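Notes to accompany the following structure.
Start at 1 and go down the list; that is how both ligands and their atoms are numbered. Side chains included, hydrogens not; waters and symmetry mates left out as well; all remaining heavy atoms used. The structure presented is a predicted model; accordingly, all values stated were derived computationally and were not measured.
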Amino acid sequence: MTLAQDRDTNSNSRINFDYDLAIVGGGIVGSTLASALKDSGLRAVIIEAKPLEIAAARRQAYALSVLSSRIFEGIGVWEKIFPHIGKYRHVRLSDADYPGVVKFQTQDLGTEFLGYVGEHRTLLTSLQEFIATSDNISWLCPAEVMGVEYKDTGAEIEIKHEGETRKLRTRLVVGADGSRSHLRQWAGIKTRGWKYWQSCVAFTIKHQAPRNDIAFERFWPTGPMGVLPLPGNRCQVVWTAPHAQAKAWQELDEKEFLAKLERYTGGLLGKLELVSDRVLFPVQLMQSDRYTQSRLVLIGDAAHCCHPVGGQGLNLGIRDAAALAQVLQEARDRGEDIGNIQVLQRYERWRKLENLTILGFTDLLDRTFSNNWLPVVTLRRFGLWIMGHLPYFKIYALQLMTGLKGRTPQLAQR
Ligand SMILES: Cc1cc2nc3c(=O)[nH]c(=O)nc-3n(C[C@H](O)[C@H](O)[C@H](O)COP(=O)(O)OP(=O)(O)OC[C@H]3O[C@@H](n4cnc5c(N)ncnc54)[C@H](O)[C@@H]3O)c2cc1C
């Protein structure tokens with residue numbers, strides 16, 4: 001590929017840059033940022049280590065919040081995604097077999113759906129196809145970033161591409177390279193958090209229930225179980241338990257596993273069939289001390305990770321991408337240098353505290369429900385009662401989990 005070179009119009013005017021920004025990591029979060037910058041006037045490259053098809057082939061599905069759907073709609077990619085994803089109008093929150101079930105429905109939020117469930121392939125290929133129609137965004141893929149040198153005026157990225165090592169120059173580097181982010185580590189950015197005592201077993205089932213528009217979160221003392229509807233009477237299940245138990249469930253004979261699953265889903269989905277492998281994921285909570293330094297900014301799992309309860313991780317990353325796109329676009333329109341730390345701190349001030357709130361909320365949910373100590377059991381059942389009987393609390397929790405609390409990116413207001 002040819003690397004376009006142009007002349008910087010800002011303070012560092014004698015430097016030739018290959019790109020205004022390089023997004024390292026073409027996962028859903030990195031690709032959302034690139035899509036949001038279509039027609040922005042900024043020239044971006046996405047550097048992805050895996051071939052595009054392999055990057056999209058991950059067998060995972062995610063709960064997508066109402067705010068994420070609005071961001072995709074603002075970008076212009078939602079109409080590609082919408083026909084191929086699960087939609088839910090109801091959410092049922094229950095404490096194991098305790099009868100006090102909290103039920104959320106669309107009237108509580110005034111929206112057509114309470115949320116959506118998208119498979120990784122559907123989401124990422126839609127974004128990849130959208131990016132392919134953009135003149136100002138290009139891919140460097142498969143290409144691995146080997147190192148970055150940050151200078152006052154820009155950054156020099158060393159990449160390995162088609163067996164050759166070469167360098168490219170950019171004003172800004174965006175780390176969208178996932179939870180083990182090399183960019184974060186190379187920059188010496190520390191993280192806080194912990195690994196949970198639990199792992200998740202994630203898989204897809206086919207069921208026989210007559211309707212497929214309900215998402216469940218059932219809290220068992222071993223850990224939460226999320227059941228999310230997918231098209232074709234399928235559901236994505238994320239089942240959390242202490243490591244050894246999760247591993248045992250992953251390895252359990254299929255018939256026994258399904259019998260156990262039918263018990264744990266309370267028979268709500270009828271007879272079940274397993275239609276994917278059971279994949280084991282470790283679970284962690286992580287927040288980076290900083291999201292930025294001069295010429296570098298982190299988004300998505302590179303900046304933070306949370307427990308999968310409530311399906312928040314990717315949604316936070318999509319919000320990061322929309323917020324950063326807005327900050328960069330505004331900076332460009334004002335003639336500011338987009339890699340300047342003062343510009344990048346606007347993004348950090350916007351997103352860091354909002355992410356921390358959700359990280360804290362998911363941690364609180366997991367700890368209070370994965371617990372059999374009587375005072376905690378009493379407290380959480382009282383909490384469920386409050387949510388079920390006092391609409392203010394119910395709607396507040398729903399708005400928090402659907403992304404409708406906090407500052408809304410302009411993309412989601414279009
Ligand atoms: C079991 C489970 C269930 C979940 N369910 C949900 C859910 O329902 N809803 C939700 O919102 N979230 C959910 N999450 C969280 C979600 O999976 C993550 O938050 C999300 O995938 C992070 O996306 P990302 O693009 O930031 O990172 P990634 O998906 O990790 O993408 C990073 C990309 O960077 C590339 N890369 C890495 N290093 C380099 C390099 N040096 N050079 C070039 N490229 C590189 C990788 O190949 C990859 O494509 C769940 C997580 C788990 C574990």
Side-chain angles (χ1 to χ4, degrees), residues 22-34 45-65 67-68 86 88 115-120 123-124 127-128 139-148 157-161 173-186 196 198-203 215 217 223-228 230 235-240 246 278-286 298-321 355 358-359 362 401-403:
I23 302 168
V24 181
I28 296 174
V29 173
S31 300
T32 301
L33 173 64
V45 62
I46 313 172
I47 306 170
E48 167 55 48
K50 297 182 190 141
L52 291 189
E53 273 194 39
I54 308 273
R58 191 188 301 171
R59 292 199 71 160
Q60 203 177 334
Y62 315 95
L64 285 179
S65 69
L67 182 61
S68 294
Y88 50 89
Y116 309 87
V117 189
E119 285 165 287
H120 187 81
L123 301 175
L124 193 49
L127 290 164
Q128 288 171 350
W139 286 95
L140 213 43
C141 165
E144 208 176 331
V145 172
M146 310 303 288
V148 187
I157 307 180
E158 191 177 320
I159 48 163
K160 208 167 155 192
H161 178 52
V173 182
V174 180
D177 52 341
S179 58
R180 292 193 205 141
S181 170
H182 281 115
L183 288 181
R184 184 188 68 229
Q185 290 169 33
W186 290 334
Y196 285 91
Q198 299 159 315
S199 293
C200 290
V201 193
F203 51 92
E217 193 78 61
M225 169 193 258
V227 182
L228 302 166
L230 281 167
C235 283
Q236 169 78 9
V237 183
V238 179
W239 198 357
T240 316
R278 287 165 266 177
V279 185
L280 201 66
F281 291 95
V283 186
Q284 64 164 327
L285 179 143
M286 183 275 280
L298 303 175
I299 58 174
D301 273 24
H304 48 75
C305 296
C306 62
H307 195 290
V309 62
Q312 293 296 308
L314 178 66
N315 290 296
L316 298 182
I318 291 169
R319 257 174 270 169
D320 290 349
N355 287 335
I358 297 291
L359 263 53
T362 54
M401 298 308 265
T402 47

For ligand 1, does [X] get within less than 4.0 Å through its side chain, its backbone, both, or neither, judged by non-hydrogen atoms?
X	result
Gln60	side chain
Arg58	side chain
Ile28	backbone
Ala302	neither
Phe281	side chain

Drop me the distance from [X]'s [atom1] to [Y]'s [atom2], to the nearest 0.5 angstrom.
X	Y	atom1	atom2	answer
Ile46	Leu52	CD1	CG	8.5 Å
Ile299	Leu33	CD1	CG	4.5 Å
Ser31	Gln128	OG	CD	6.0 Å

Is the backbone N or O of [Y] less than 3.5 Å from a side-chain atom of [X], with the two atoms forming a donor-acceptor pair by type?
X	Y	result
Arg184	Asp177	no
Gln236	Tyr62	no
Asn355	His304	no

At their closest point, which heavy atom of [X] faces which heavy atom of [Y], and how far apart are they?
X	Y	result
Ala215	Leu228	CB-CD2, 4.2 Å
Gln312	Thr362	CG-CG2, 4.1 Å
Leu127	Ile28	CD1-O, 3.8 Å
Gly27	Glu48	N-OE1, 3.9 Å
Ala63	Tyr88	CB-OH, 4.1 Å

Polar proximity ligand 1 side, Asn315 side, N/O cut 3.5 Å exclusive: yes
Among all protein heavy atoms in this structure, tell me which lies nearest to [atom], with the distance rounded to 0.1 Å.
atom	result
atom 44 (N) of ligand 1	Ala49 N, 3.1 Å
atom 27 (O) of ligand 1	Gly178 CA, 3.7 Å
atom 10 (C) of ligand 1	Leu314 N, 3.2 Å
atom 48 (C) of ligand 1	Glu48 OE1, 3.6 Å
atom 13 (C) of ligand 1	Tyr62 CD2, 3.7 Å
atom 23 (O) of ligand 1	Val29 CG2, 3.8 Å
atom 37 (C) of ligand 1	Asp177 O, 3.5 Å
atom 19 (O) of ligand 1	Asp301 OD1, 2.7 Å

Does [X] reach ligand 1, in the sense of a heavy atom lying below 4.0 Å from it?
X	value
Ala176	yes
His120	no
Ser31	no

For ligand 1, which atoms sit closer than 4.0 Å to a heavy atom of [X]?
X	result
Ala143	43 (C)
Gly300	26 (O)
Ala63	7 (C), 8 (O), 9 (N), 10 (C), 11 (O)
Ile47	43 (C), 44 (N)
Gly311	7 (C), 8 (O), 9 (N), 10 (C), 11 (O)

- prompt: Is it true that atom CD of Glu53 has more than 12 heavy atoms of other residues, nucleotides or ligands lying nearer than 6.0 Å?
  reply: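 Not more than 12 within 6.0 Å, no.
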message: Between Val24 and Val148, is there a side-chain heavy-atom distance shorter than 4.5 Å?
response: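 The answer is no; the side chains never approach within 4.5 Å.
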